[in-house]
Chemist: 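Right, I'll just put the structure down here and ask away after.
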Amino acid sequence: MDEGDLAYEAVTNAIEAGARYIRLSIRKEDGRWYYLVEDDGAGPGSGMDVFAPGFSTKGSGRGRGLSLLKERHPDASLDRRGGLTRLSWTAPEGPVDVSAMAMLFSKAWTVGAGLVIEVAFDGGAFSWCVDDFTHLGALDEGMNMAAMRKLIQSTLSFEKE
Amino acid sequence: MAKLSLEELRSLREKEAERLAKRGIHGKDVHVVVCMGTCGIQAGAKVTLNSIVDEVEAHGLGNVIVTQAPCQGHCEEEPIVEVHTPQLGSIAYGKVDAKTAKRIVEEHIIGGKVLEDHKIKLEV
């Protein structure tokens, strides 16, 4: 699984756990990406080892995503602050997975959850929310993930110029 | 503020109904569902989904909607893709890599022919 897969998994976990607001923040600092997934879901409950293989609140056969994340990034941690669940980890520098972002917006829109994705690097910072794509027609016209990818990519490419 | 005529109201209602129909997943003729549980992603479902989206875009298929679903309990068959069309009903495919995803769009969705070599049966 690549970094985009892991970020997809983390946000999907929050959406499937019933969160109505999710924020994925990806920030580059000192040559590393700092990932943070924040959501307003109920959270796993205190004292539970969410990174243990097989831990899941969604039934049997689940519970591999977070253990894979921990396996790959031992610094992964989860805490609760002010009613929000915060999952964070760091990863080596690499490309931002635009297609995973588009998939997440599509998924969030389907269930009516609010998703914000923020990317900050090299002095530039961008953010997108579900409404951005709705206004531009990429979601209202039938979850056009190709259009969403182009919109995100064009914003990120603009930054590089 | 000027009053709307009955005709204008009817026109507005029709326009809104059309807009809302587009928002509905089932307002499309063809619905493609890619299973994106952990098992699916590990097996390459993200590549599969990207490939389907690319092909739908390349062929300009405005009647197709592509969505995601969690694990369906058939992890050994992942990546799994379900295709729902009025003509062929619901068909599930297993072990769908990028190449097979392209075939699903070209042969099943456009050509109306089931890919027997990848067809699987999902228990309800």
Side-chain angles (χ1 to χ4, degrees), chain A residues 1-13 15-17 53-69 71-72 97-112 130 133-135 137-150 153, chain B residues 15-79 84 98 101 105 123:
Chain A
M1 292 175 91
D2 60 26
E3 296 309 328
D5 290 337
L6 293 170
Y8 175 91
E9 275 279 312
V11 175
T12 298
N13 265 339
I15 292 173
E16 290 180 359
F55 174 86
S56 177
T57 56
K58 291 175 279 185
S60 61
R62 307 293 300 266
R64 273 180 288 173
L66 285 178
S67 67
L68 280 167
L69 175 66
E71 191 180 299
R72 182 149 174 166
D97 192 332
V98 172
S99 66
M101 289 185 188
M103 288 173 198
L104 286 171
F105 279 117
S106 166
K107 195 172 182 82
W109 185 84
T110 308
V111 298
V130 173
F133 302 101
T134 306
H135 292 322
L139 281 171
D140 260 356
E141 295 298 328
M143 283 183 275
N144 188 334
M145 279 181 258
M148 281 190 271
R149 282 189 321 212
K150 281 180 199 160
Q153 189 64 63
Chain B
K15 205 172 167 184
E16 281 302 299
E18 196 180 323
R19 194 180 66 80
L20 285 170
K22 280 180 182 171
R23 188 181 170 108
I25 290 173
H26 302 292
K28 298 276 179 179
D29 287 325
V30 180
H31 187 186
V32 181
V33 184
V34 181
C35 296
M36 296 280 289
T38 308
C39 48
I41 293 171
Q42 275 189 295
K46 203 177 71 185
V47 174
T48 303
L49 177 54
N50 272 331
S51 181
I52 290 172
V53 168
D54 287 342
E55 286 304 308
V56 167
E57 171 87 349
H59 290 284
L61 304 174
N63 63 326
V64 178
I65 193 157
V66 186
T67 61
Q68 304 149 66
C71 171
Q72 304 293 302
H74 296 266
C75 307
E76 69 286 354
E77 297 287 356
E78 296 284 1
H84 308 274
V105 174
E123 286 167 25

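Numbers restart at 1 for each chain; the letters A, B, ... are given by sequence-line order, proteins then strands. Keep in mind it's a predicted model, so treat the numbers as computed, not measured.
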Chemist: Could you grab the distance from atom CD of B/Gln68 to atom CG of A/Leu104, nearest 0.5 Å is fine?
Modeler: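 These two atoms lie 7.0 Å from each other.
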Chemist: Enter the distance from B/Ile65:CD1 to A/Met145:CE here, rounded to the nearest 0.5 Å.
Modeler: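 B/Ile65 atom CD1 to A/Met145 atom CE measures 8.5 Å (nearest 0.5 Å).
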Chemist: To the nearest 0.5 Å, tell me how far A/Asn13 CG sits from B/Thr38 OG1.
Modeler: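 A/Asn13 CG to B/Thr38 OG1: 7.0 Å, rounded to 0.5 Å.
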Chemist: Specify the closest pair of heavy atoms between A/Glu9 and B/Gly37, including all atoms of both residues, with the distance to one decimal.
Modeler: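 The answer is OE2-C, 3.9 Å.
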Chemist: Nearest heavy-atom pair of B/Val53 and A/Ala146: which atoms, and what distance?
Modeler: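 Heavy atoms of B/Val53 and A/Ala146 come nearest at CG1-N, 3.4 Å.
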Chemist: Can you tell whether the side chains of A/Arg149 and B/Glu57 come within less than 4.0 Å, N to carboxylate O?
Modeler: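 Salt bridge: no.
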Chemist: Determine, step by step, whether B/Lys46 and A/Asp97 satisfy the side chain to side chain contact (heavy atoms under 4.5 Å, CB included) criterion, reporting the C-alpha distance in whole Å, the side-chain angles of both residues, the deciding distance to 0.1 Å, and the verdict.
Modeler: CA-CA 11 Å; B/Lys46 203 177 71 185; A/Asp97 192 332; 2.3 Å; yes
Chemist: What part of A/Met1 gets within 4.5 angstrom of chain B, counting heavy atoms only: side chain, backbone, both, or neither?
Modeler: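 The side chain, not the backbone.
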